[in-house]
Chemist: 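Below you'll find the structure I mean.
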Amino acid sequence: MSMNREGRGATAPEIHEVHQDHKTFTGNRALRIEEALLFEIGRPEVTGVDLPEPPKVAKRLGRHERKAPINLPGLAEPEAVRHYVRLSRHNYSIDNGIFPLGSCTMKHNPRLNEKMARLPGFGDVHPLQPQSTVPGAIELISELSRWLIELTGMQAVAMSPKAGAHGELCGMMAIKAALEARGEEHRKVVLVPDSAHGTNPATAALIGFEVKPVPARADGTVDPEEVRKRVGPDVAAIMLTNPNTCGLFERDVVEIAKAIHDAGAYFYADGANFNAIVGKAKVGDLGVDAMHINLHKTFSTPHGGGGPGAGPVVLSERLAAYAPRPLVVSDGGNVALLEHAEGGAAESLGRMTAFHGQMGMYVRALSYMLSHGADGLRQASEDAVLNANYIRACLQDLYSAPAGDRPCMHEILFDDSFLEGTGITTLDIAKAMIDEGFHPMTVYFPLVVHGAMLIEPTESESRASLDFFIAAMRDLAMAAKAGDTARFKEAPRYAPRRRLDETRAARQPKLRWQAPEPMAAEAAE
Ligand SMILES: *Cc1c(COP(=O)(O)O)cnc(C)c1O
């Protein structure tokens, strides 16, 4: 048990375990302050505001009226500010340091984007405003659509999906609608390569397709022969990520598209890794029928704890008519938002969201595009690929890359074979990285290699930052090979919490806070 600032016995954090030999009286470590839960530090009688007594009104709640005080924790303003600032200091973010998560593309969010998104003309629009009062916002959506269509070489774009996974749903629903229009509802199978992100099979299954895996080659890429073997009159589509989640460009993508189209099926591309090919390759040229774009990955809009996603879906000529509403259409110089299926193509699959999408993210993404220009976007992709290859080249003598010497795209995949015989695992490496001040890379994904470590530096990192990261990663690999097991098995030693029982947390989550005994007794008084 530790004493929190209010002197109440709070549930003891494991922090004292961390510093067995150097316990502090407070549980704090230097100016890093251990923060208790709001319920532990708050007192129901305290408030940061001085509100007048509410006027007496007739009670209308009948038997639903509350019988006892609700006992919400109250804090004075300075306490409330400190509580949230202290918690925020436990966050790791892209503004804090390198965020090498593979697949998820954590790149710098330029401040210019934020400034633009806060312009009152964009920041203050309401989704229920009449179209005639927001022509600028609609024009912005139209301009962003134009860029996305140009960059992908596709026919149409549905802007409203709210994230990548939602975009997948949109694209697959368009495919389903197209099959229904052709009277081919019997096509129930969706092919998904083993290396796919979990959202791909989940999306297909959610709307009633049956998922069939396509095995990967040793390097993680898809063999068109394996696709040909599985494609037939029962196949609706393939969902393929390119560049794939092993960081490799699917070189046979055109042949795979042909095999799929020859069999009357559709090609859904997972565009989460579009970051690597913007300005270099147009997916329309590769035979793609639908692809989502994660604005929050490729086009630098904040995500994770920092903001909502946006997952526009580009559609080929074969699917464009099924685009959901609302849809931006431009007619000469006039742009308008088509809200209903009438007036547009009758085939539209309807509405996927209440409103038009994430306006703030549109503004940020377009700011990113306009400030880079077409040449700058191409360079950002090139730099992202260059940075990943720099890491690959500087680490591959110590870490094992399943693709061997082959250059990667925007992310580099290592497996755990270099750890063989050390007793140290991928998870141990990730935990030791935390001690060194790095957010770990993506681990154990993709599933096609053993003990995966997927590193994506993005274009945001400078040469100096990469060198620092590489030096630390080299030191870790050498320590592992030299048998310094303690450094890994005890890691993280310096984090606010050490290793948590993640399995138990997932299997038996504690979703309700229970007042410790003394407090419960107080509340009952
Ligand atoms: C991030 C990601 C998704 C899902 O996108 P969300 O925006 O997180 O829903 C799908 N596929 C791949 C390969 C991804 O990296």
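Computed over heavy atoms, backbone and side chain alike; hydrogens, waters and symmetry mates excluded. Counting convention: from 1, in listed order, for ligands and their atoms alike.
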Chemist: Pick one of side chain, backbone, both or neither for how A163 approaches ligand 1, counting any non-hydrogen atom pair under 4.0 Å.
Modeler: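 For A163, the contact with ligand 1 is made by both the backbone and the side chain.
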Chemist: How about T301 and N109: does a side-chain donor come under 3.5 Å of a side-chain acceptor?
Modeler: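 Looking only at side-chain atoms, N109 and T301 do not form any donor-acceptor pair under 3.5 Å.
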Chemist: So is A272 polar-close to ligand 1, meaning N/O to N/O under 3.5 Å?
Modeler: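 In this structure, A272 places no N or O atom under 3.5 Å from an N or O of ligand 1.
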Chemist: Quick one: are the ring centres of F438 and F468 less than 6.0 Å apart?
Modeler: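 When the ring centroids of F438 and F468 are compared, they turn out to be within the sub-6.0 Å range.
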Chemist: Among side-chain atoms of Y399 and R474, is any donor-acceptor pair under 3.5 angstrom?
Modeler: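 Per modelled atom types, Y399 and R474 side chains form no pair under 3.5 Å.
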Chemist: With no hydrogens and no angle check, do the side chains of T425 and D428 hold a donor and an acceptor under 3.5 Å apart?
Modeler: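 The answer is yes; a qualifying pair exists.
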Chemist: Check each atom of ligand 1 against the heavy atoms of S103 and keep those under 4.0 Å away; list them by number with element.
Modeler: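 Numbered from 1, ligand 1 contributes 13 (C), 14 (C), 15 (O).
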Chemist: Compare M239, K297, E456, H197 and give the one whose heavy atom is closest to atom 2 (C) of ligand 1.
Modeler: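 Considering heavy atoms of M239, K297, E456, H197, the nearest to atom 2 (C) of ligand 1 sits in K297.
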Chemist: Is there at least one pair of N or O atoms, one from G164 and one from ligand 1, spaced under 3.5 Å apart?
Modeler: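 Among all N and O atoms of G164, at least one is under 3.5 Å from an N or O of ligand 1.
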Chemist: Which of the atoms of ligand 1 are close to A165, meaning less than 4.0 Å from one of its heavy atoms?
Modeler: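 So the answer, numbered in order with elements, is 4 (C), 5 (O), 6 (P), 9 (O).
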Chemist: Indicate whether any N or O donor in one side chain lies under 3.5 Å from an N or O acceptor in the other, for T221 and E250.
Modeler: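 Not at all, the side chains of T221 and E250 share no donor-acceptor pair under 3.5 Å.
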Chemist: Atom 11 (N) of ligand 1: which protein heavy atom is closest, and how many Å away?
Modeler: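 Looking only at protein heavy atoms, the one closest to atom 11 (N) of ligand 1 is D270 OD2, 2.5 Å.
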Chemist: Return the closest protein heavy atom for atom 5 (O) of ligand 1 as residue, atom name and distance.
Modeler: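 Going by distance alone, atom 5 (O) of ligand 1 is nearest to N294 ND2, 3.0 Å.
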Chemist: For atom 8 (O) of ligand 1, which of H292, H166, H296, H303 has the closest heavy atom?
Modeler: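 The option holding the nearest heavy atom is H296.
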Chemist: Give yes if a backbone or side-chain nitrogen or oxygen of T245 is under 3.5 Å from a nitrogen or oxygen of ligand 1, and no if not.
Modeler: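 No - when backbone and side-chain N and O of T245 are compared with those of ligand 1, no distance drops under 3.5 Å.
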Chemist: Does either side chain, that of D415 or that of S400, offer a donor lying less than 3.5 Å from an acceptor on the other one?
Modeler: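 Indeed, the side chains of D415 and S400 share at least one donor-acceptor pair under 3.5 Å.
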Chemist: With sequence neighbours left out, write down each residue that passes ring pair (Phe, Tyr, Trp, His ring centres under 6.0 Å) with F122, or none if nothing qualifies.
Modeler: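 Counting only residues at least two positions away or on another chain, F122 forms no ring pair (Phe, Tyr, Trp, His ring centres under 6.0 Å).
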